[in-house]
K.L.:
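Once you've had a glance at the structure underneath, I'll fire off some questions.
In this chain, numbering begins with 1 at the start of the sequence shown. For ligands, and for the atoms within them, numbers begin at 1 and follow the listed sequence.
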Amino acid sequence: MRIYIRKTTKMKLQGSIVTGIITGAVILLSAFGPNQQTWTAPPSADKVTNPVIANEKNIATGKDLFIKTCAICHGKKGKGDGPKSAELDKPVGDFTKENFSKQSDGAIFWKLTEGKKPMPSFKKEMTEEQRWMVIDYIREFGPATKK
Ligand code: HEC
């Protein structure tokens with residue numbers, strides 16, 4: 001009888017470990033797996049406001065940076081059709097769509113800073129000011145603007 005109880009407890013324990021591993025794997029897959037379509041910045045990113053005003057000069061500098069650094073994937077017009085986009089395993093997104101432009105500058109800044117494979121992080125490659133200027137330029141593509 002005792003042996004029987006011990007066995008059941010052990011089996012239950014094994015069962016819950018297996019369930020735990022499966023649940024963990026499912027959570028990991030849904031968070032980082034190939035099925036994830038949207039890339040969302042944390043809500044705290046929305047509180048960061050753009051210190052670089054979108055005047056002609058800053059937009060022009062942002063355009064230069066964009067053409068040099070981003071257009072290879074994102075396309076000259078931000079439609080996501082840059083020459084390299086075809087080689088990537090996921091769409092790069094379309095900056096002319098409302099879905100994109102409804103994001104705050106802070107959220108876009110966060111994405112540029114962090115990167116997400118295959119999109120590189122621009123934390124080191126660009127100064128904060130340059131990142132904000134690129135955002136000022138990207139805003140020119142879309143319909144609605146959220147600051
Ligand atoms: C090597 C190709 C590549 C380069 C270079 C690149 N990106 Fe990206 N970018 C991507 C990919 C791929 C995604 C989609 C990532 C995802 O959703 O998982 C993306 C996503 C983004 C997003 C988020 C889009 C959304 O819908 O919210 C922004 C903003 C962005 N890129 C801006 C830039 C800017 C600005 C530059 C230049 C400074 C740049 N990227 C350079 C490939 C690239």
K.L.:
Among Q130, M119, K111, whose heavy atom sits nearest atom 10 (C) of ligand 1?
P.N.:
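Ranked by closest heavy atom to atom 10 (C) of ligand 1, first place is M119.
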K.L.:
Under 4.0 Å, heavy-atom basis, I'd like to know which part of P118 is in contact with ligand 1: side chain, backbone, both or neither.
P.N.:
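Near ligand 1, P118 shows its backbone as well as its side chain.
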K.L.:
Counting each atom of ligand 1 from 1 as listed, which ones have a heavy atom of F95 under 4.0 Å away?
P.N.:
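The atoms of ligand 1 under 4.0 Å from a heavy atom of F95 are 28 (C), 30 (C), 32 (C).
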K.L.:
Quick one: do M119 and L112 satisfy side-chain contact (heavy atoms from CB on, under 4.5 Å)? Show the steps, please.
P.N.:
CA-CA 9 Å; M119 155 122 171; L112 283 187; 3.8 Å; yes
K.L.:
Report yes if K116 has an N/O atom closer than 3.5 Å to an N/O atom of ligand 1; otherwise report no.
P.N.:
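Yes - when backbone and side-chain N and O of K116 are compared with those of ligand 1, one distance drops under 3.5 Å.
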K.L.:
Within a distance under 4.0 Å of any heavy atom of M126, pick out the atoms of ligand 1 and give their elements.
P.N.:
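Matching atoms, with element in brackets: 38 (C).
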K.L.:
Any non-hydrogen atom of D94 lying under 4.0 Å from ligand 1?
P.N.:
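Per 4.0 Å heavy-atom rule, D94 does not contact ligand 1.
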K.L.:
Would T113 and S121 count as a side-chain contact (heavy atoms from CB on, under 4.5 Å) if you check the C-alpha gap in whole Å, the side-chain angles of each, and the deciding distance to 0.1 Å?
P.N.:
CA-CA 5 Å; T113 307; S121 153; 5.6 Å; no
K.L.:
Under 3.5 Å between any N/O of W39 and any N/O of ligand 1: does that happen in this structure?
P.N.:
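No, no N or O pair falls under 3.5 Å.
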K.L.:
H74 vs F66 aromatic rings, parallel, tilted or perpendicular, using cut-offs 30° and 60°?
P.N.:
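Ring orientation of H74 relative to F66: tilted.
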K.L.:
How far apart are the C-alpha atoms of I108 and F100, what are their side-chain angles, what is the distance that settles it, and do they pass the side-chain contact (heavy atoms from CB on, under 4.5 Å) test?
P.N.:
CA-CA 9 Å; I108 300 173; F100 173 77; 3.6 Å; yes
K.L.:
When you group the ILVMFWY residues by side-chain heavy-atom contacts below 4.5 Å and let the links chain together, are V92 and W110 in the same group?
P.N.:
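Per the 4.5 Å side-chain linkage, W110 and V92 are not co-clustered.
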K.L.:
Could you note down all residue pairs passing salt bridge (Lys or Arg N to Asp or Glu O under 4.0 Å) where residues 75-91 supplies at least one of them, sequence neighbours left out?
P.N.:
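Those involving residues 75-91 are K79-D94.
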K.L.:
Mark up the atoms of ligand 1 that fall under 4.0 Å of a heavy atom belonging to V134, in ascending order.
P.N.:
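Under 4.0 Å from V134, ligand 1 has these atoms: 35 (C).
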K.L.:
One residue to check: L65. Relative to ligand 1, which of side chain, backbone, both or neither has a non-hydrogen atom less than 4.0 Å away?
P.N.:
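Neither; nothing of L65 gets under 4.0 Å from ligand 1.
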K.L.:
Does R131 reach ligand 1, in the sense of a heavy atom lying below 4.0 Å from it?
P.N.:
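Under 4.0 Å: no for R131.
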K.L.:
Report yes or no: does C70 have an N/O/S atom closer than 2.8 Å to atom 8 (Fe) of ligand 1?
P.N.:
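Looking at C70, which is the residue asked about, there is no N, O or S atom under 2.8 Å from atom 8 (Fe) of ligand 1.
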K.L.:
So which of C73, G82, G80, G78 gets nearest to atom 4 (C) of ligand 1, if we judge by its closest heavy atom?
P.N.:
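Of the listed residues, C73 has the closest heavy atom.
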K.L.:
Quick one: does ligand 1 sit under 4.0 Å from the side chain of V92, the backbone, both or neither, non-hydrogen atoms only?
P.N.:
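Both of them.
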K.L.:
For ligand 1, which atoms, with element, lie under 4.0 Å from some heavy atom of F122?
P.N.:
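The list of qualifying atoms is 36 (C), 37 (C), 38 (C), 39 (C), 41 (C).
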K.L.:
May I have the step-by-step check of side-chain contact (heavy atoms from CB on, under 4.5 Å) for M126 and L65, ending in yes or no?
P.N.:
CA-CA 9 Å; M126 283 185 177; L65 289 163; 4.2 Å; yes
K.L.:
What atoms of ligand 1 come within less than 4.0 Å of a heavy atom belonging to F100?
P.N.:
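This gives 24 (C), 25 (C), 26 (O), 27 (O), 29 (C) as the contact atoms.
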K.L.:
K117 versus ligand 1: do any nitrogen or oxygen atoms come within less than 3.5 Å of each other?
P.N.:
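Min N/O separation from ligand 1 is not below 3.5 Å for K117.
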K.L.:
Only pairs at least two apart or in different chains count here, so list each side chain to side chain donor-acceptor pair (under 3.5 Å) that has a residue in residues 51-62.
P.N.:
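Output for this query lists N55-N58.
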K.L.:
Could you tell me whether L112 approaches ligand 1 through its side chain, its backbone, both or neither, with non-hydrogen atoms closer than 4.0 Å?
P.N.:
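Under 4.0 Å from ligand 1, L112 contributes side-chain atoms alone.
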K.L.:
List every atom of ligand 1 that sits less than 4.0 Å from any heavy atom of P91, numbering the atoms from 1 in the order shown and giving each element.
P.N.:
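Listed by number with element: 14 (C).
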K.L.:
Which ligand 1 atoms are under 4.0 Å away from a heavy-atom of I138?
P.N.:
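Listed by number with element, the hits are 35 (C).
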K.L.:
Measure across V134 and C70 and return the closest heavy-atom pair with its distance rounded to 0.1 Å.
P.N.:
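It is CG1-SG, 4.5 Å.
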K.L.:
Decide whether an N or O pair under 3.5 Å exists between H74 and ligand 1.
P.N.:
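Among all N and O atoms of H74, at least one is under 3.5 Å from an N or O of ligand 1.
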